[in-house]
**Student:** 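My questions will all concern the structure given below.
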2 protein chains.
Amino acid sequence: MARRRQAVTIKHVAADAGVSLQTVSRVINDEPNVRSAMKARVQASIDKLGYVPSIAARRMSGSRSYLILAINDRDRTIADWTARQGTDWVDQMLLGGMLKCAEYGYRLIFELVDTHSDHVERELRATIAALQPDGVILTPPHSDNPLIVRLLERQRIPFARIGSRGGGAGIALVMDDESMARHATRHLIDLGHRRIAFIAGSSEYPLSQWRVDGWESEMRAAGLPTAGLVARGDFTYESGAAATRQLLGHPDRPSAIIASNDQMALAALEVARELGIEIPSQLSLVSFDNTPIVRFTQPTLTAVDQPVAETVSRAVEMIIKAQRGEKLPPQPVIVAGGFVERESTSAPAHG
Amino acid sequence: MARRRQAVTIKHVAADAGVSLQTVSRVINDEPNVRSAMKARVQASIDKLGYVPSIAARRMSGSRSYLILAINDRDRTIADWTARQGTDWVDQMLLGGMLKCAEYGYRLIFELVDTHSDHVERELRATIAALQPDGVILTPPHSDNPLIVRLLERQRIPFARIGSRGGGAGIALVMDDESMARHATRHLIDLGHRRIAFIAGSSEYPLSQWRVDGWESEMRAAGLPTAGLVARGDFTYESGAAATRQLLGHPDRPSAIIASNDQMALAALEVARELGIEIPSQLSLVSFDNTPIVRFTQPTLTAVDQPVAETVSRAVEMIIKAQRGEKLPPQPVIVAGGFVERESTSAPAHG
DNA sequence: ATGAAAGCGCTAACAC
DNA sequence: GTGTTAGCGCTTTCAT
C-alpha cells in the first residue's frame, strides 16, 4: 500500500508565506502576537494552497483533537435500528450534535458502547485512548453509570450527561420531562377532561418518574383525582397494550390517556380500536417523544416533543466552553420540550 | 486547560515487557517475525496495562488511521432529520457500516457534505486532510459526482460508490433495484393482477429508471400491457398524490400500483382513500424502500426492502480489502434486496 | 512580534 | 527475530 502523506502541510504554507512554522500555527489557531499584515499574508497562502491542519498531528502535539464523542447504548441502539420502528433518537442526536460541532470547527463521532457488560470501562477507555476526544457526551443509561463517570473524571475529559440530574462530575442536562408532562395534562384539562390517566414508563429510567410527577402535580393543582389512574408499562408496545386494557377496563374509565412514549401510545390506539372506543371523540390520547410514527397513525397523535437535538446541541456547546475554561451555567441544565397538537385530542364526549 | 497525554503508550508496554518499541508494534499489528513466546509476553503487558494504540500517532507515522468516512448529502440529510418522516437511511448506514468496521478494528465516521455547492471539492478535501481516513463511502448523489471521484482517485484513497454502476475509479455497489422491481411486479402478477401501474421517481437518480425497467421487463415477460401505466413523480408526497390521481382517473384503471418510494406510496394510500377505493380489496399497493412508516399505515404496506445496511457493510469490507491490496470481485457489486408482504396487496376484485 | 528546537506516540526502514 | 533510528505534522516551550 502506498503511504499517504499530508498533501499540504504547515511547512508548505510557511515556505510559501516566507515565515516560520510557528507563525502559521499562530494564525490557524487565531492566537495573539501576530501583526495583521502578517496574518493576512499567511492566510493568503493557506487559502491559496488549500491547507487544512491534520487532526492527528494536532492531537499528537498535545493540543486538542477537535473531536467530540457521543456515546449510545449498543444493544438498545442496534435493536432500534433493526426493528425499524421509526425511533429517530440517533438522527436527532446527530442533527443537534453535528451542526453545533461544525459551528465550532469540531467533529462529532458517534459510538456505541455496551452498558450492561462488565467491561464498559475497558471499552470506553479504549475508545478514548484511540480517538482522544476533547469531550464526551453520555446518554441514558450511561449518564448515571458511576464507573463511566469516574473514568471520565479521572481522565479529566469534559463530559456531558444527558438525562442526568447530576451528582458527581460532568455537565448534567435534562429535558424538562416534568414540565412537558404538566403541559400535556394541562392541555387535556383545558379541553374539559377530568379523568386523565397516565401510562408510566420503565422505572429503570429516572425520567419515567419525572413524567409521572408532572402529570400528578398538574392534576393535584387542578383538584382532579389521580387514584387508580396510573398504569405502569416499560416503554414496550406490549406493556402499553396491557396498561391500556387495565385503564379502559375500569368501570369509571378515563376520558383521556397520556402515554409515556410513542410505542405505548400506539398500543393504546390499537387497544381502543379493538374495544370500539373512538379516538378522539370517546377517548383523547397524548403521546410522549414525538418520534416520526405519530405523524402516520390514524388519527395522528398529539404529542409531547422531546428536544433531543436541542439538548445534544447544548451539550456540545457546554463541553467546548468547559474545555476552554469558561464558566458554565448552574446545573442541571434544563432544556424545554415542545408540544404538538394533532388529531388524537379533543373535548370529552360528555364534558 | 491541562494537557492530556496518552495514559499508557507503547513505551510503557515495551518497558514492562522488557522489549523494544518495535516488537510491541509488531505484536499489536499482528506482524510476522515475532516468536510466539515473545508475543505472549508482550500481549500480557498490553492487557495488564490496558494499552490501546493512539489513532493519531498511528496516522502520523504514515500508517493507517483505521477511520472510514461515510459521506451523505448535507441538505437532504438535514431536511430528512428535520422533517421526521421516518426515513432511516442514516440509521441503516450506521447499522451496516459501524458493525462491519468494528469487526475489523476500524471506526466509521459519518459526515455531511454539500453536494450542490461549487466548493464540494474544497469541503471534502478539508475533511480528508483533517481526518485522513483509510477509505471513503460515497452515497447518491455524490457517488456519480466526477469532481469527487477524481479527487479521491488522485488522493489514492480507496472509496466505494453506493448506487453507482461504475465508470471511473472506485468500488461501485448497487442495490438490485431492477430485480426488486421485478419481484414486486411478479408478486402482483401471481396474485392475478394484469393492469399494474408504476409511479416512477425523480429522473435525477439513476435508480429511478432501474426500477421502471424492472417493472417493465417483468410486465413484458408476462405479456401484459404497460402503455399508460407509468406516471412520473419525484419521490415527494405531492408528486405521488398527483401521479396516483392520474393513474386512478384512467377509465380502465389499474388494479395495482407500485410506488417507487414510501412517501409516494403513502400519498397513493391517501388518494385512494379520498376516492373511496379500498386497499387492498379494490386496489393493491406496493411500496419501495421499506422505511419504518410502512409498518404504521393502515393497511400496512407490502414493500420492497432496500438493503441499505447490507450494502454499506459490503462497502466497508471492500474498502478494507482494497486497502490491503486484496483482489476485489467484479463490479458493480450487486446487493440483493428483500420483499416484505403486508396487508396492502391481495388478489384483484374481479380477477 | 517572530523564530528555533524539542517532543508527542507510533511505524518504516534498516541494522544486527 | 529483534533492536535502533528517523521522521510524520503540529504545538509547546523558550529564545530573540
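Proteins come first, then strands; the chains are lettered A, B, ... in the order of their sequence lines, and each starts at number 1.
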**Student:** Can you list the residues that meet the side-chain contact (heavy atoms from CB on, under 4.5 Å) rule with B:Lys48, with sequence neighbours excluded?
**Tutor:**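 Per chain and number, B:Lys48 pairs via side-chain contact (heavy atoms from CB on, under 4.5 Å) with B:Asp16.
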**Student:** Run the side-chain hydrogen bond (donor to acceptor under 3.5 Å, both in side chains) test against A:Thr82 and tell me which residues pass, sequence neighbours left out.
**Tutor:**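 With sequence neighbours excluded, A:Thr82 shows a side-chain hydrogen bond (donor to acceptor under 3.5 Å, both in side chains) to no residue whatsoever.
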**Student:** From OH of B:Tyr66 over to C1' of C:dT11, roughly how many Å is that when rounded to an integer?
**Tutor:**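 Going from OH in B:Tyr66 over to C1' in C:dT11 covers 10 Å.
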**Student:** By side-chain contact (heavy atoms from CB on, under 4.5 Å), which residues pair with A:Leu328, not counting sequence neighbours?
**Tutor:**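 With neighbours one apart ignored, the set is A:Ile171, A:Met318, A:Lys321, A:Ala322, A:Gln331.
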**Student:** Base, sugar-phosphate or nothing for B:Ile28? Non-hydrogen atoms, less than 4.0 Å.
**Tutor:**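 Sugar-phosphate contact only - B:Ile28 comes under 4.0 Å of backbone atoms but never of a base.
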**Student:** Which residues, if any, of residues 41-50 of chain A bring a heavy atom under 4.0 Å of DNA chain D?
**Tutor:**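 Residues of residues 41-50 of chain A under 4.0 Å from DNA chain D: none.
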**Student:** Check the distance between D:dT4's P and B:Lys11's NZ and give it to me in whole angstrom.
**Tutor:**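 From B:Lys11 NZ to D:dT4 P: 13 Å.
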**Student:** Can you tell which of A:Val136, A:Ile68, A:Leu69 makes a side-chain contact (heavy atoms from CB on, under 4.5 Å) with A:Ile157?
**Tutor:**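 Considering A:Val136, A:Ile68, A:Leu69, a side-chain contact (heavy atoms from CB on, under 4.5 Å) with A:Ile157 is found only for A:Val136.
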**Student:** Tabulated below should be each protein N or O lying under 3.5 Å from an N or O of nucleotides 2-5 of chain C; please produce it.
**Tutor:**
unit_1	atom_1	unit_2	atom_2	d
C:dT2	OP1	A:Arg35	NE	3.3
C:dT2	OP1	A:Arg35	NH2	3.1
C:dT2	OP2	A:Arg35	N	2.8
C:dT2	O4	A:Arg26	NH2	3.4
C:dG3	OP2	A:Ser20	N	3.0
C:dG3	OP2	A:Ser20	OG	2.9
C:dG3	OP2	A:Thr23	OG1	2.5
C:dG3	N7	A:Arg26	NH1	3.4
C:dG3	O6	A:Arg26	NH2	2.8

**Student:** Under the salt bridge (charged side-chain N to carboxylate O under 4.0 Å, His left out) test, which residues partner A:Asp144, sequence neighbours left out?
**Tutor:**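 Result, salt bridge (charged side-chain N to carboxylate O under 4.0 Å, His left out) vs A:Asp144: A:Arg161.
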**Student:** Got a sec, which pairs hit ring-ring contact (aromatic ring centres under 6.0 Å, His included) with one end in residues 118-168 of chain A, sequence neighbours left out?
**Tutor:**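 Qualifying pairs, neighbours excluded: none.
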**Student:** Only counting residues at least two apart or in another chain, list the ones meeting side-chain contact (heavy atoms from CB on, under 4.5 Å) with B:Val27.
**Tutor:**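 For B:Val27 the side-chain contact (heavy atoms from CB on, under 4.5 Å) partners, ignoring immediate neighbours, are B:Val34, B:Lys39, B:Val42, B:Gln43, B:Ile46.
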**Student:** Please check if any side-chain donor atom of A:Asn29 sits under 3.5 Å from a side-chain acceptor atom of A:Arg64, or the reverse.
**Tutor:**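 No.
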**Student:** Just the rounded figure in Å: distance from P of C:dA1 to CD of A:Glu31.
**Tutor:**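 Rounding to the nearest Å, CD of A:Glu31 and P of C:dA1 are 13 Å apart.
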**Student:** Partners of B:Thr311 by side-chain contact (heavy atoms from CB on, under 4.5 Å), sequence neighbours excluded?
**Tutor:**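 B:Thr311: side-chain contact (heavy atoms from CB on, under 4.5 Å) contacts with B:Ile162, B:Leu173, B:Met175, B:Pro307, B:Val335.
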**Student:** Between A:Arg58 and D:dC10, is there a contact of a side-chain N or O with OP1 or OP2 at under 4.0 Å?
**Tutor:**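 Answer is no, no contact under 4.0 Å.
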**Student:** May I have the distance from A:Met60 (atom CE) to C:dC8 (atom P), rounded to whole angstrom?
**Tutor:**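 Atom-to-atom, A:Met60 to C:dC8, this comes out as 8 Å.
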**Student:** Please report, rounded to the nearest Å, how far the C1' atom of C:dG9 is from the CD1 atom of A:Ile55.
**Tutor:**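 Rounded to the whole Å, the gap is 17 Å.
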**Student:** When the C1' atoms of the five terminal pairs at each end define the local axes, what inter-axis angle does the helix from C:dA1-D:dT16 to C:dC16-D:dG1 show, to 10 degrees?
**Tutor:**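 End axes: 30° apart.
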**Student:** Atom CZ of A:Arg59 to atom P of C:dG7: distance rounded to whole Å?
**Tutor:**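 To the nearest whole Å, that distance equals 18 Å.
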**Student:** For A:Ser25 and D:dT11, is the shortest distance between a side-chain N/O and OP1 or OP2 below 4.0 Å?
**Tutor:**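 Looking at the OP1 and OP2 atoms of D:dT11, one of them is under 4.0 Å from a side-chain N or O of A:Ser25.
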**Student:** For A:Arg74, check side-chain hydrogen bond (donor to acceptor under 3.5 Å, both in side chains) against everything at least two apart and list the hits.
**Tutor:**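 If we apply the side-chain hydrogen bond (donor to acceptor under 3.5 Å, both in side chains) test to A:Arg74, skipping adjacent residues, the hits are A:Glu123.
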**Student:** Can you tell me which residue pairs pass the ring-ring contact (aromatic ring centres under 6.0 Å, His included) test with a partner in residues 29-79 of chain B, sequence neighbours excluded?
**Tutor:**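 Sorted pair list: B:Tyr66-B:Tyr106.
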